[in-house]
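Sequential numbering from 1 along the given sequence is applied to the chain's residues.
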Amino acid sequence: MISNITLLIFLGSAVFFIGVLGVLTRKNIIIILLSIELILNGVNINLIAFSNYLNNIQAQIFALFVIAIAVAEAAVGFGLIISFMRNKDSFNIDEMNIMKG
């Protein structure tokens with residue numbers, strides 16, 4: 001019989017690797033931002049699973065910190081997307097080199 005911690009680690013790892021595949025294979029900037037969110041949520045699932053298994057609250061506090069980082073990443077990312085869309089009507093990441101200084 002598989003324990004709950006094993007299932008949660010498998011779920012967190014699966015979400016993490018789906019996010020990594022999304023970042024590595026897609027060219028749409030919105031899909032890449034959503035994949036980064038999946039990576040962070042996969043890490044959070046594993047942090048909460050280990051926190052519950054070890055009866056230690058430090059990982060849960062770190063998960064809250066990761067959620068705050070994810071919110072900041074989404075805000076900055078969507079700001080960049082809006083700025084990019086004003087200059088060029090495309091979500092393709094290959095065309096982002098126009099933002100170089």
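When all heavy atoms of I48 and A63 are compared, the closest pair comes out as CD1-CB, 3.8 Å. Annotation for E37 and A74: closest pair OE2-CB, 3.9 Å, computed over non-hydrogen atoms.
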Name the atoms and distances for all side-chain donor-acceptor pairs under 3.5 Å in residues 5-24, with sequence neighbours left out.
{"unit_1": "T6", "atom_1": "OG1", "unit_2": "S3", "atom_2": "OG", "d": "3.1"}
{"unit_1": "S13", "atom_1": "OG", "unit_2": "I9", "atom_2": "O", "d": "2.8"}

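The salt bridge (charged side-chain N to carboxylate O under 4.0 Å, His left out) analysis of residues 3-28, with sequence neighbours excluded, yields the pairs K27-D94. For residues 53-67, no pair satisfies salt bridge (charged side-chain N to carboxylate O under 4.0 Å, His left out), with sequence neighbours left out.
The hydrophobic clustering, which links ILVMFWY residues whose side-chain heavy atoms are closer than 4.5 Å, places I81 and I31 apart. L33 and V66 fall within a single hydrophobic cluster, where Ile, Leu, Val, Met, Phe, Trp and Tyr are joined by side-chain heavy atoms under 4.5 Å apart, directly or via other members. Hydrophobic clustering of Ile, Leu, Val, Met, Phe, Trp and Tyr side chains at less than 4.5 Å, counting indirect connections, unites L34 with I32. Cluster membership check: F50 does not share its hydrophobic cluster with L40, using side-chain heavy-atom separations under 4.5 Å among Ile, Leu, Val, Met, Phe, Trp and Tyr. Using a 4.5 Å cut-off between side-chain heavy atoms of Ile, Leu, Val, Met, Phe, Trp and Tyr, with links allowed through other members, F65 and L47 fall into the same hydrophobic cluster.
Rounding to the nearest 0.5 angstrom, the gap separating the CD1 atom in I29 from the OG atom in S35 is 10.0 Å. Distance CE/M85 to CD1/I30: 8.0 Å, rounded to 0.5 Å.
At a threshold of 4.5 Å between non-hydrogen side-chain atoms, the residues N52 and N4 do not count as touching.
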